[in-house]
2 protein chains.
Amino acid sequence: MVTSKDVAARAGVAQSTVSYVMSGKRSISPETRAKVEAAIAELTYHPNAGARALASNRTSVIGLVVSMSRTTEMAGLLPFIEAITSDARVRDHDIVLVTEEAGTASLERLSGRSLVDAIILMDVHLHDARLERAAQLAVPVVLIGLAEDNHGLDAVDFDFEAAGIMAAEELLDRGYTRVVVIGEPPEVNVRAYGFIAGFERGALEACHRRAAEAEVLRPAAPGWNAFLAEVSEQIGKARTSRVGFIARTPQTVAWVLQLLLIGHLEPGRDVGLVGMCTDEDSETFSTPVTNVSPRPREVSYAAMNRVFELLDGAEPGGQIQLIPPRLTRRCTT
Amino acid sequence: MVTSKDVAARAGVAQSTVSYVMSGKRSISPETRAKVEAAIAELTYHPNAGARALASNRTSVIGLVVSMSRTTEMAGLLPFIEAITSDARVRDHDIVLVTEEAGTASLERLSGRSLVDAIILMDVHLHDARLERAAQLAVPVVLIGLAEDNHGLDAVDFDFEAAGIMAAEELLDRGYTRVVVIGEPPEVNVRAYGFIAGFERGALEACHRRAAEAEVLRPAAPGWNAFLAEVSEQIGKARTSRVGFIARTPQTVAWVLQLLLIGHLEPGRDVGLVGMCTDEDSETFSTPVTNVSPRPREVSYAAMNRVFELLDGAEPGGQIQLIPPRLTRRCTT
DNA sequence: GTGAAAGCGCTAACAC
DNA sequence: GTGTTAGCGCTTTCAC
């Protein structure tokens, strides 16, 4: 293994000089810098991460804690993971990914062992028992998602209520007079996550403000059959009045499209549809769907930004940053 | 920060004794062990990862390198990532996740800085330029996926050819006399990944062996429209003969189902369909689809197993482990 | 502008 | 069965 000592010997300088050349923490004469950099290149020197962490109390690693319990919703996490890891690279950091269904064991491990400089905790729910411990860790923690009580931790979240409003208003603007929000089957614990309720509330209130008819549909069970039973009735109504659907998940969007195809109704003409899904999802449906994007990239960047502000000495103040939704009109409205 | 020195002082033993209690690398009298463990608990001692790595040349971290270029196929990676991270936890290791479109920069960083003990490289393609460098790293590397030349690296892959055979034989066994494999639009670089060709070859040869009619359909472009144009013609034929479809991706499965619904054909009765997708995917389609699972968990475990064999001193011998497919008959055959 | 040297917290010889 | 001690490779004072 090539060490900074080897580099120093090769360049004819002290070990500390090598260190200072790399960190830029003191001024170096052009000649010395050149010699050191040449030696680094010739020996293909890489600083040892463990030694650096030990000496500097900085690991250049961020912990990303996600709870991968529900396989279905899991797919939605990938854009976040992707955005966070690539942003970390840009900032010259690495990501340790931990998947934990519940509990704070990994939080305490990551922090206690000084494996990471900071932690991003995803999938926070309303009464998240992890937050109390998270707030006491030695490293800064940033949440993605909101709890009823964030315990003073900084959080970033997508503005689901605004998303609901935006989806509803798009439908109303496009002349649909009746709005149907596809809700969750009872299996999904709506109470656990505030954002589902927030989204529905936004949509309903927007309709209410504009005196439009609105309704949340709740299939009796998960799966296509219950969905079919609940929603196809609504499709019937769409033949006589201008109905617009709001679907909160890619799966639901796909199913609504499927139902319309079966009923020989053309989305965007006979029926309106706004989906909450990424732009990539929107474009891979059989019809490009007007969508409100949950903006995983923006949410992730905001969380990372806050992480680095905290690492730079900012005080955690329980601040909440909401990322506004963005609607892209495609073929279904 | 609580250090092993603090624990030693508290327990009235030497620092090294604390170390040996934790590692079990030498025998400790019950009394000392009890004292040390009590001190550890009282002080909530966590060993410092950097110091441990520095002293032991072991980080207890595995690097997972995935290339997240194509957003579409990306979703399929999640089950692998999930399986690998949770298996790592069981083995008391952590995962640093790196996403890199191409190039070996992160491989060299992870290894050069001694950030990781080993690397799992996913998404290997036929002429993967990374492998040559990967084979020269100081840490063991295990591939998920196969290249034409693995450069002596160990690899694990799903047996795509066997999957193709299995899918075709299921259809033939169930009385479908004509097999249609939905291929890739030209956009997908079939040449880059051997597994797509392997899958199709398996399906075609199985049909050929049993003298059944078989065909690979290649939509002229990506997206629903080209798919519709290409496949709906085949749906027509299904009204007069027993046609079975093989769809290689969840997206394609969904589209075939959609097409059948539009044409008022019932999958499993009028038309056969076997999808290559996870069991979870299968169950969330509108009809539970008979599927050949790519077995992400098994592939991941096999890769991790090999990693730990190598860490335990096994010699890398360019060995290739193929995970056999498994078919689950559901409602579409 | 540069060097020498003292740790960071752990592991693993080497003693006894 | 346990204590003593020499590093691991870096950062960062302190000294010049």
Side-chain angles (χ1 to χ4, degrees), chain A residues 1-37 39-40 43-61 92 109 111-117 138-139, chain B residues 1-37 39-40 43-61 92 109-117 138-139 311:
Chain A
M1 182 186 228
V2 181
T3 72
S4 63
K5 207 169 147 185
D6 302 328
V7 175
R10 179 90 142 124
V13 299
Q15 193 192 19
S16 57
T17 301
V18 176
S19 175
Y20 285 119
V21 165
M22 300 210 72
S23 69
K25 287 189 182 176
R26 79 180 182 192
S27 53
I28 304 281
S29 75
E31 306 87 64
T32 332
R33 153 158 286 123
K35 276 190 298 183
V36 171
E37 279 171 349
I40 288 176
L43 303 176
T44 62
Y45 165 67
H46 293 272
N48 180 292
R52 178 172 275 186
L54 183 56
S56 67
N57 277 313
R58 278 286 209 127
T59 63
S60 294
V61 175
D92 213 49
R109 189 169 40 82
S111 163
R113 306 199 137 169
S114 300
L115 259 167
V116 301
D117 293 335
V139 299
Chain B
M1 182 187 226
V2 181
T3 71
S4 63
K5 207 168 147 187
D6 302 328
V7 175
R10 178 92 142 126
V13 300
Q15 193 193 21
S16 60
T17 303
V18 177
S19 175
Y20 285 120
V21 166
M22 301 209 70
S23 70
K25 288 193 180 172
R26 79 181 182 192
S27 53
I28 305 281
S29 76
E31 306 89 63
T32 344
R33 153 158 285 123
K35 278 190 298 182
V36 171
E37 278 171 350
I40 287 176
L43 302 176
T44 64
Y45 165 67
H46 293 272
N48 181 292
R52 179 173 275 186
L54 184 56
S56 68
N57 276 314
R58 277 286 209 130
T59 62
S60 294
V61 175
D92 213 49
R109 190 168 40 84
L110 292 179
S111 165
R113 306 199 135 167
S114 301
L115 259 167
V116 301
D117 294 335
V139 300
L311 289 179

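Model, not experiment: these values are computed from the prediction. Chain naming here is simple, since letters A, B, ... match the order of the sequence lines and numbering starts at 1 in each.
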Discussion item. Going by salt bridge (Lys or Arg N to Asp or Glu O under 4.0 Å), name the residues that satisfy it together with R33(A), two or more places apart in sequence or in a different chain.
Written reply: E37(A)
Discussion item. Just to verify, what does R58(B) make a salt bridge (Lys or Arg N to Asp or Glu O under 4.0 Å) with, not counting sequence neighbours?
Written reply: D117(B)
Discussion item. At a heavy-atom distance below 4.0 Å, what parts of residues 10-18 of chain B sit against DNA chain D?
Written reply: G12(B), V13(B), A14(B), S16(B), T17(B)
Worksheet item: Looking at L54(B) and A51(A), what are the two nearest heavy atoms and their distance?
Response: CD1-CB, 3.6 Å
[atom2] on [Y] to [atom1] on [X], rounded to 0.5 Å:
X: H46(A); Y: L115(B); atom1: NE2; atom2: CG; value: 11.0 Å
X: K35(B); Y: S29(B); atom1: NZ; atom2: OG; value: 7.0 Å
X: N57(B); Y: M1(A); atom1: CG; atom2: CE; value: 7.0 Å

Fill in: Donor/acceptor link under 3.5 angstrom from R52(B) side chain onto base of dG9(D)
no
What is the distance, rounded to the nearest whole Å, between atom [atom1] of [X] and atom [atom2] of [N]?
X: M22(B); N: dT11(C); atom1: CE; atom2: C1'; result: 13 Å
X: N57(B); N: dA12(C); atom1: CG; atom2: P; result: 9 Å
X: D6(B); N: dC8(C); atom1: CG; atom2: C1'; result: 13 Å
X: R58(B); N: dT11(C); atom1: CZ; atom2: P; result: 13 Å
X: Y45(B); N: dG9(C); atom1: OH; atom2: C1'; result: 7 Å
X: N48(A); N: dC8(D); atom1: CG; atom2: P; result: 12 Å
X: L115(B); N: dG9(D); atom1: CG; atom2: P; result: 15 Å

Worksheet entry | Residue S4(A), side-chain atoms from C-beta onward, closest of dC10(C), dC8(C), dC10(D) | dC10(D)
Worksheet, complete the sentence: Closest of dT11(D), dC10(C), dC10(D) to the A51(A) side chain is dC10(D)
Worksheet item: Nearest nucleotide by nearest heavy atom, which residue falls closer to the 5' end of DNA chain D, L54(B) or Y20(B)?
Response: Y20(B)
Worksheet item: In terms of the nearest nucleotide of DNA chain D, which residue is placed more toward the 5' end: R26(A) or S19(A)?
Response: S19(A)
Worksheet item: Of the residues in residues 29-37 of chain A, which ones touch DNA chain C at a heavy-atom distance under 4.0 Å?
Response: S29(A), T32(A)
Worksheet item: Counting only side-chain N and O atoms of K25(B), is one of them less than 4.0 Å from OP1 or OP2 of dA12(C)?
Response: yes
Worksheet item: Does the side chain of D6(A) come within less than 4.5 Å of Y45(A)'s, by heavy atoms?
Response: no
I'd like a table of donor-acceptor pairs (distance under 3.5 Å, sequence neighbours excluded) in which one partner is a side-chain atom from residues 10-18 of chain A, with atom names and distances.
unit_1 : atom_1 : unit_2 : atom_2 : d
R10(A) : NE     : E42(A) : OE1    : 3.3
R10(A) : NH2    : E42(A) : OE1    : 2.6
Q15(A) : NE2    : S4(A)  : OG     : 2.9

Discussion item. I need the full list of salt bridge (charged side-chain N to carboxylate O under 4.0 Å, His left out) pairs touching residues 12-30 of chain B, with sequence neighbours left out, sorted by first then second residue.
Written reply: none
